[in-house]
Amino acid sequence: MALLEVEHLKVRYPVRSGWFRRCRYLHAVNDVSFQLERGETLGLVGESGCGKSSLGRALVRLEEPAAGAIRLDGCDWSTLKGRELRRFRRRAQMIFQDPYGSLNPRLTIGAALDEVLALHSKTGREERRERAARLLERVGLGADALERWPHQFSGGQRQRIGIARALATSPEFIVADEPVSALDVSVQAAIVNLLEDIQREDGTAFLFIAHDLAVVEHISHRIMVMYLGRAVELAESSTLIAHPLHPYTAALISAVPAVDAAGRRRIVLPGDVPSPLAPPPGCPFHPRCSRARECCRTKLPELTEVAPGHFCACHFAGETGT
């Protein structure tokens with residue numbers, strides 16, 4: 001059994017344009033299904049606004065799903081409340097994108113970690129302090145950081161503190177929501193290496209959300225591509241990068257700078273991403289797709305396994321070219 005099973009998940013947000021107008025809904029995540037194995041990293045990529053962060057937040061119940069199931073070890077925790085939800089929340093944590101905004105400036109680092117440890121454990125204050133010191137040492141910071149304030153640390157150090165906080169409950173699954181995008185390039189590799197060390201030592205599973213396909217390819221076992229709230233392709237990292245089947249995936253890969261990119265054609269997509277408030281009928285990508293035919297304008301393609309372990313939502317996934 002997979003550690004995490006997501007089935008037909010939907011996340012939507014109400015949008016009101018006036019007091020007397022009917023409330024409309026923005027469908028941020030629209031019928032997404034996938035599985036995550038123990039000790040696996042699944043990379044999640046797509047343009048801004050495609051629903052990546054909404055999906056990640058829903059998986060740890062920071063957003064309430066509108067429909068679908070989120071099963072952790074077979075238990076659907078999308079419906080849990082109160083004490084049961086808190087018990088399950090120990091098993092799934094999140095590393096946030098903004099290392100400057102994710103820490104309370106009014107709490108010392110020790111107090112921020114103690115807040116989590118006190119909520120999820122019954123240990124005494126001194127034991128929690130020792131545990132907090134060990135967490136900081138594990139992410140490359142000394143115990144002296146306990147008495148310091150967030151503003152006294154750099155962005156990379158704050159992200160390490162955020163990782164320590166996520167590890168406080170010994171989770172089996174962590175959503176890393178663009179954990180390196182706000183950091184200098186020189187710091188990104190250190191954070192990625194730290195996450196890989198944690199996975200190797202603890203067997204933690206990660207959903208790694210990012211824009212940078214090069215980083216995602218490096219850290220992920222598999223990659224899922226989202227477009228306009230839907231999963232459009234899912235495959236092993238090396239397979240997806242070398243042989244993308246969806247035209248949107250091919251366009252994303254063509255934009256990644258590479259040393260061996262001589263002769264590689266840059267695919268420029270026409271137009272803009274449609275509004276999730278009014279998605280186009282049929283395939284949501286068809287207004288920008290050079291392959292689009294009449295059936296693409298009327299029939300929604302399902303995410304289908306077109307090769308062993310390679311899933312694609314395109315009516316013409318087997319065709320070459322874009």
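- In E127, the CD atom is not crowded: 12 or fewer heavy atoms of neighbouring residues, nucleotides or ligands sit closer than 6.0 Å.
- Remark: the backbone N or O of I223 is not paired with any side-chain donor or acceptor of S220 at under 3.5 angstrom.
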- Item | side-chain contact (heavy atoms from CB on, under 4.5 Å) assessment of R91 paired with S170 | CA-CA 7 Å; R91 305 174 63 184; S170 302; over 6 Å; no

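- Judged purely by atom type and a 3.5 angstrom limit, D98 uses its side chain to pair as donor or acceptor with the backbone of G101.
- Although no hydrogens or angles enter the test, the distance criterion places no donor-acceptor pair under 3.5 Å between the side chain of D184 and the main chain of S186.
- How far SG of C50 is from CG of L228: 9.0 Å, rounded to the nearest 0.5 Å.
- Side-chain contact check for V11 versus L55: every heavy-atom pair is 4.5 Å or farther apart.
- Checked by atom type and distance alone, the side chain of S254 pairs as donor or acceptor with a backbone atom of A251 at under 3.5 Å.
- L195 CG to I95 CD1: the interatomic distance, rounded to the nearest 0.5 Å, is 5.0 Å.
- Between C312 atom SG and L234 atom CG the span is 10.5 Å, to the nearest 0.5 Å.
- Separation of atoms OG (S54) and CD (E63) is listed at 6.0 Å; rounding is to 0.5 Å.
- The closest donor-acceptor contact from the side chain of K299 to the backbone of C283 lies at 3.5 Å or more, if one exists at all.
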- Task: Could you go through the side-chain contact (heavy atoms from CB on, under 4.5 Å) check for L207 and L59 one step at a time?
- Result: CA-CA 10 Å; L207 179 72; L59 295 183; 3.6 Å; yes

- May I have the step-by-step check of side-chain contact (heavy atoms from CB on, under 4.5 Å) for L4 and R71, ending in yes or no? CA-CA 6 Å; L4 184 74; R71 295 190 178 92; over 6 Å; no

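- Environment of CG in D272: sparse, with no more than 12 heavy atoms of neighbouring residues, nucleotides or ligands closer than 6.0 Å.
- L146 and V116 are assigned to two separate hydrophobic clusters, defined by single-linkage of ILVMFWY side chains at heavy-atom distances under 4.5 Å.
- Nearest heavy-atom pair, G46 versus L252, reported as atom, atom and distance to 0.1 Å: CA-CD1, 4.4 Å.
- The closest donor-acceptor contact from the side chain of Q93 to the backbone of R89 lies under 3.5 Å.
- Taking the side chain as every heavy atom from C-beta outward, H286 and R293 never approach each other to under 4.5 Å.
- Here the closest heavy-atom approach between residue P284 and residue P287 is recorded as O-CD, 3.6 Å.
- A salt bridge is defined here as a Lys NZ or Arg NE, NH1 or NH2 lying under 4.0 Å from an Asp or Glu carboxylate O, and E84 with R90 fails to meet this definition.
- Electrostatic pairing of R38 and E172 does not count as a salt bridge here, judged by no charged N lying under 4.0 Å from a carboxylate O.
- F96 and L107 fall into different hydrophobic clusters, defined by Ile, Leu, Val, Met, Phe, Trp and Tyr side-chain heavy atoms under 4.5 Å apart, directly or through other members.
- Note that the CG atom of D114 and the CZ atom of R128 stand 4.0 Å from one another [nearest 0.5 Å].
- Both L36 and L303 belong to a single network of hydrophobic side chains, linked directly or stepwise wherever heavy atoms of I, L, V, M, F, W or Y lie under 4.5 Å apart.
- The closest side-chain donor-acceptor pair between T41 and Q199 falls under 3.5 angstrom.
- A donor atom on one side chain and an acceptor atom on the other are found under 3.5 Å apart for H211 and S48.
- Cation-pi contact between R291 and F316: absent, since separation from the ring centre below 6.0 Å together with deviation from the ring axis within 45° is not met.
- T239 places no side-chain N or O within 3.5 Å of a backbone atom of A235 that could act as its donor or acceptor partner.
- Under the 3.5 Å distance criterion, the side-chain polar atoms of R61 are matched with a main-chain donor or acceptor of W77.
- Residues forming a ring pair (Phe, Tyr, Trp, His ring centres under 6.0 Å) with F285 (at least two apart in sequence, or on another chain): Y227, H246, Y248.
- In terms of heavy-atom proximity, T249 sits nearest to P244 at CG2-CB, 3.7 Å.
- Between R138 and D202, at least one side-chain nitrogen of the basic residue sits less than 4.0 Å from a carboxylate oxygen of the acidic one, meeting the salt-bridge criterion.
- The shortest heavy-atom contact between L183 and Q188 is O-NE2, 3.2 Å.
- Residue P280 is tested with C296, S275, P274 for a side-chain contact (heavy atoms from CB on, under 4.5 Å); the sole match is P274.
- Between the side chain of T304 and the main chain of E302, a donor-acceptor pair closer than 3.5 Å is present.
- At a threshold of 4.5 Å between non-hydrogen side-chain atoms, the residues C289 and P247 count as touching.
- Under the 4.5 Å side-chain contact rule for hydrophobic residues, I174 and I70 do not share a cluster.
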- Check the pair R222, E40 against side-chain contact (heavy atoms from CB on, under 4.5 Å), reporting the backbone distance first and the verdict last. CA-CA 8 Å; R222 293 185 299 153; E40 180 189 20; 2.5 Å; yes

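- If you run side chain to side chain donor-acceptor pair (under 3.5 Å) between H310 and each of E233, E305, H243, E236, only E233 comes through.
- R158 CZ to Q152 CD: the interatomic distance, rounded to the nearest 0.5 Å, is 10.0 Å.
- Residues S78 and D76 have side chains that bring a donor and an acceptor to within less than 3.5 angstrom of each other.
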